[in-house]
Amino acid sequence: MTRLPYESGIKPHRYNRDTSNDKWQHIWRFTNVVMAVFFFLAGYVQLNDPDPYIWIPVYVVPAVLGLGIAVLPQLSENVVWRFLCVAHIAVCFAGVIYTTVLVIEKSLDVMVNPLQHEEGRELAGLLIVIGWLSLSRFTSLGGTNPNQGAMNGLLLLTVGLSLLPLLFWGMCFVQGLSQKLPHCTETFTV
């Protein structure tokens, strides 16, 4: 008669799970969902932009990539996912260079908050996309390495930073405050 693994004193893999590592993976998945929601919303508001064919993909691609990691964390090890991530970072980096030149041209005469101009907001969006995709692609956040104390600290910082864009965007809905904040001007006009 064959003994089952748990009868011989050896517990099957599912009983030996590292719950602290699972906690970090769940936090990483949740953070990816938060950022996917942010990027989908950012893509949605681009419908009123003069060039939505550029900006909707800029935001929807990282939303889909982040949602993919949230649903299936092993997807970040896939060659196609990694290539799409790096390719999108490269395209956005080219956009950062172009938009930076536009922002500099707009603010040559007077020093103003760059978020008062559409180009400044576009630059900020590109930097958020590059930062998020770089973090997702080039770190081992949410990974299975048990000795990743520094990565767990970085993950907590990432959770906080992922909530900032939604917080800043949510401030545009506060009556009276939306008129005072430069990043809210022309955000929701159709």
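Position 1 is the first residue of the sequence; numbering continues from there.
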| message | For a quick test of reading the model, state the closest non-hydrogen atom pair linking Pro50 to Glu118 and the distance between them. | response | CD-OE2, 3.9 Å
| query | What pair of heavy atoms forms the shortest contact from Leu65 to Cys85, and how long is it? | reply | CD1-CA, 4.0 Å
| request: Report the C-alpha distance between Phe93 and Val129 in whole Å, list the side-chain angles of each, state the deciding distance to 0.1 Å, and finish with yes or no for side chain to side chain contact (heavy atoms under 4.5 Å, CB included). | output: CA-CA 10 Å; Phe93 187 71; Val129 168; over 6 Å; no
For the backbone of [Y] and the side chain of [X], can you confirm whether one donor and one acceptor N or O come within less than 3.5 Å of each other?
| X | Y | result |
| --- | --- | --- |
| Arg82 | Arg137 | no |
| Asp51 | Ile54 | no |
| Ser76 | Pro73 | yes |
| Asn78 | Gln74 | no |

| task | Spell out, yes or no, whether Val91 and Tyr59 are grouped together once hydrophobic residues are joined by side-chain heavy atoms under 4.5 Å, including indirect joins. | result | no
| Roughly how far, to the nearest 0.5 Å, is the CD atom of Gln46 from the CG atom of Asn48? | 7.0 Å
| query | Could you give the distance from CH2 (Trp132) to CZ (Phe38), rounded to the nearest 0.5 Å? | reply | 11.5 Å
| query | Is it true that atom CZ of Phe40 has more than 12 heavy atoms of other residues, nucleotides or ligands lying nearer than 6.0 Å? | reply | yes
| Test side chain to side chain contact (heavy atoms under 4.5 Å, CB included) applied to Asp49 and Glu122, step by step | CA-CA 11 Å; Asp49 202 70; Glu122 290 170 349; 4.2 Å; yes
